[in-house]
Novice: 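Handing you a structure now.
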Amino acid sequence: TKGSLGIPQKQKRLMFRRCCGSRVPGLKEPRAAKVLVTGASGLLGRQLMRVLLDRGWNVRGLAFSRASETLVKCDLLDVTELAHQFKDFSPDIVIHCAAERRARKFAGDK
């Protein structure tokens, strides 16, 4: 059966296992891989961080407006800041969960 976004449930489970399970293509020891999660303070990012940390992954979470002691404050629109995160952490996997909550800000509306 098809779930949200029209993706079959079987394919969703496979995608989740590849992301958070024990099988990631190209990595012999996936939990030794470094995972960088953008938007780690958001709804999706928080849940993803919880799952990855519970399963023993080496994770760095980036957040901007709601950074905390466990999340690194980083403005994704600042190329220098973002480059520093990549250089400092050297992630093997990047999962982009960040989103602009105020879409009108980018549309030029006030």
Novice: Can you name the side-chain contact (heavy atoms from CB on, under 4.5 Å) partners of Ser68, sequence neighbours left out?
Specialist: Thr70, Leu71
Novice: Name the one of Asn58, Leu48, Ile93 that satisfies side chain to side chain contact (heavy atoms under 4.5 Å, CB included) with Val35?
Specialist: Ile93
Novice: Is Ile95 reachable from Leu44 through a run of I, L, V, M, F, W or Y residues, each pair having side-chain heavy atoms under 4.5 Å apart?
Specialist: no
Novice: Between the main-chain N or O of Lys34 and the side-chain N or O of Asp92, is there a donor-acceptor pair closer than 3.5 Å?
Specialist: yes
Novice: Going by the rule side-chain hydrogen bond (donor to acceptor under 3.5 Å, both in side chains), which residues pair with His96 if we only count those two or more places apart in sequence or in a different chain?
Specialist: Thr38
Novice: Remaining members of Val72's ILVMFWY cluster at a side-chain heavy-atom cut-off under 4.5 Å?
Specialist: Leu36, Leu62, Leu76, Leu82, Phe86, Phe89, Val94
Novice: Under the side-chain hydrogen bond (donor to acceptor under 3.5 Å, both in side chains) rule, collect the residues that match up with Arg60, sequence neighbours excluded.
Specialist: Gln85, Asp88
Novice: Could I get the full list of side-chain contact (heavy atoms from CB on, under 4.5 Å) partners for Asp75, not counting sequence neighbours?
Specialist: Phe64, Leu77, Asp78, Glu81
Novice: State which residues pass side-chain contact (heavy atoms from CB on, under 4.5 Å) with Asp54; sequence neighbours excluded, sorted by chain then number.
Specialist: Arg50
